[in-house]
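Report on one structure; see the data block that follows.
Within every chain, numbering begins at 1; the chains are lettered A, B, ... in the order of the sequence lines, protein sequences first and strands thereafter. The analysis underlying the following values was restricted to heavy atoms, covering all of them including side chains, and did not include hydrogens, waters or symmetry mates.
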Protein chains: 2
Amino acid sequence: MFRFPVHEVAPVTHSPLSIDLDRSSPVPLYFQVAQELERRIMSGEMPAGTRLENELVLAERLGLSRPTLRQAIEYLVDRGMLVRKRGVGTQVIRPRVRRPVELSSLYDDLARVGEEPRTRVLRLAVEVPPDPVAAQMELPPGTEVYVLERLRLAKDEPLALMRNHLPLGLVELDEGELSAQGLYRLLRAAGVTLKMASQSIGARNATPTEAEALDEPPGAPLLTMERVVYDDTGRVVEVGSHVYRASRYSFELTLTG
Amino acid sequence: MFRFPVHEVAPVTHSPLSIDLDRSSPVPLYFQVAQELERRIMSGEMPAGTRLENELVLAERLGLSRPTLRQAIEYLVDRGMLVRKRGVGTQVIRPRVRRPVELSSLYDDLARVGEEPRTRVLRLAVEVPPDPVAAQMELPPGTEVYVLERLRLAKDEPLALMRNHLPLGLVELDEGELSAQGLYRLLRAAGVTLKMASQSIGARNATPTEAEALDEPPGAPLLTMERVVYDDTGRVVEVGSHVYRASRYSFELTLTG
DNA sequence: GTCAATACTTTGTCTAGACATACTGATGTA
DNA sequence: TACATCAGTATGTCTAGACAAAGTATTGAC
């Protein structure tokens, strides 16, 4: 005979979940679902531990096929917001996923948090770079490239010294534009799709010149960052060598495994 | 009338691509395909620029359905080895993808490159941590946790000072085992699935104590790393606060966008 | 009461095919 | 010659359903 357990308590809540889908929208259905789920997770409507209904039920309720629904869930699993376990189910793991240091520009990062970024262009020239730089750019030694040196300030305080090398013919660099916005925005505006970057983060003490430019005492610790950026066709788009004031800056990153 | 162009030159080679699939293997078909493609890209058999045949043809040649083949390609696109463009095709972008600093342990990283890692356990205790650490671990203030302090050496030279906090009841920590292998391997052996980490990388000068322990001159630059690691259920598994000798260590990471 | 075998639930993998959409290149017109 | 139009090609999205495998809970035997 069927009996309800006496202490019937939902172990983990799972709301029946209904989402309004717009089938005439150019936004794919799976993405509409993913975005709505992401919103609910972020807003706390679906806190960590919330269990989703199973895929069959969910797909039918939303009027979608299971593959389409799975595509939405997969998107969120990849971003570390959901976990799936075969035979068990799918549940929310963590709302507060900061997701910084992707392929973002320092300028935009600062602007986003209200740090009022400014840029002072120290040098903009076309030169033959040192051989190691040419090698990183996968160019034959002796090829001329842009050399760009900038001082980045946030709220009128020096933050970083940045040296970049860029191949010619990719984008027309202009001192005025470089002062008004970040390098990455200029690249994107020129139709370059940033795809991948390989970077190395280290530390060392400031040289006297650096210390003065950054308004730090001699020997102050600096964070160093070397970065090679590729576009979607595999070309090297930019090679950067930056130093940051450790007293005012750190790299935040989220790793998933 | 049909004419061949005079200067017929294959703009990008694409081999007919045949792969032996084992349908009785427990390894999924899409993964067999993905692995084989990855191998050919890494080995240089399919250099950057190589174009794949279109999905319909490829699926038929391999005796797979298109979704299955797409799943394989998607896997490699996510890892930054292939690019797809609608109406155009799929091609290899880059063979040499170093892919470090994922959710890897320093110990295993060093061992892999032959650096002969060793660990000296300086302290292993059960204590009430400072309130900020308790907050990071999402535990009520006053809860006891493991406190672990280690010195990591590579080829008999000091490399890093590591302090970790772990909740009790997750794994039994033993000084002998901690000396012989990395913390992450112990966690995995205890059935903990590391899922996500949020970390912050900065720099500062060494304190006198740190300088001595690490065999560095006073005021030497150090890389600092603060890390909170979560498992697949969203629990905090470990909170780490490490300092590395900047003269001997840097973080390598690959970003994709 | 304990432990092994069994049933059930849920995600993982795979198939076959349809229509939509973005990009390329050829065709045709002014 | 230059430009707009159109056909062709390849990936993007979506559907409907099948079987496999892993994990959980229940059942049954000793």
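Look at B/Tyr30 and you'll find a side-chain N or O under 4.0 angstrom from OP1 or OP2 of C/dT13. Side-chain nitrogen and oxygen atoms of B/Arg66 include none within less than 4.0 Å of the OP1 or OP2 phosphate oxygen of C/dT15. For C/dT11, one of the phosphate oxygens OP1 or OP2 lies less than 4.0 angstrom from a side-chain nitrogen or oxygen of A/Thr90.
Rounded to a whole Å, the CG atom of B/Asp78 is 12 Å from the P atom of D/dG12. Across the protein-nucleic acid pair, B/Ile73 atom CD1 and D/dG12 atom P stand 9 Å apart, rounded to whole Å. One atom, CG of B/Asn54, and another, P of D/dG8, lie 16 Å apart when rounded to the nearest Å. The CD-P distance, from B/Glu55 to D/dG12, rounds to 6 Å in whole Å. If you measure from atom CD of B/Glu60 to atom P of C/dG17, you get 10 Å, rounded to the nearest angstrom. Remark: P of D/dC14 and CD of A/Glu74 are 14 Å apart, rounded to the nearest angstrom. A/Arg86 places its CZ atom 8 Å from the C1' atom of C/dT13, with the value rounded to the nearest Å. Distance B/Leu69 CG to C/dC14 C1': 13 Å, rounded to the nearest Å.
The residues B/Arg66 and B/Glu60 are annotated as not salt-bridged, no charged nitrogen and carboxylate oxygen being separated by less than 4.0 angstrom.
If you check D/dT11, C/dC14, C/dG12 against the side chain of A/Arg70, the one that comes closest is C/dG12. The side chain of B/Val88 lies closest to C/dC23 when the candidates are C/dT10, C/dC23, C/dC14.
At the heavy-atom level, A/Leu29 lies under 4.0 Å from the strands shown only through sugar-phosphate atoms.
Taking the nucleotide of DNA chain D with the nearest heavy atom to each of A/Gly63 and A/Gly87, the more 5' of the two is matched to A/Gly63. Mapping B/Thr68 and A/Pro26 onto DNA chain C by nearest heavy atom places B/Thr68 closer to the 5' end of the strand.
Checking B/Ser200 against B/Glu226 by side-chain atom types alone, no donor-acceptor pair falls below 3.5 Å. Side-chain atoms of B/Glu74 and B/Tyr30 include no donor-acceptor pair closer than 3.5 Å. Using modelled atom types and a 3.5 Å distance limit, the side chains of A/Arg51 and A/Gln91 yield no donor-acceptor pair. A donor-acceptor contact closer than 3.5 angstrom links the side chains of B/Tyr184 and B/Glu238.
Residue-to-nucleotide contacts include no donor-acceptor pair under 3.5 Å from the side chain of A/Arg51 to the base of C/dT9. On a pure distance criterion of 3.5 Å, no polar donor-acceptor pair joins the side chain of A/Arg23 and the base of D/dT15.
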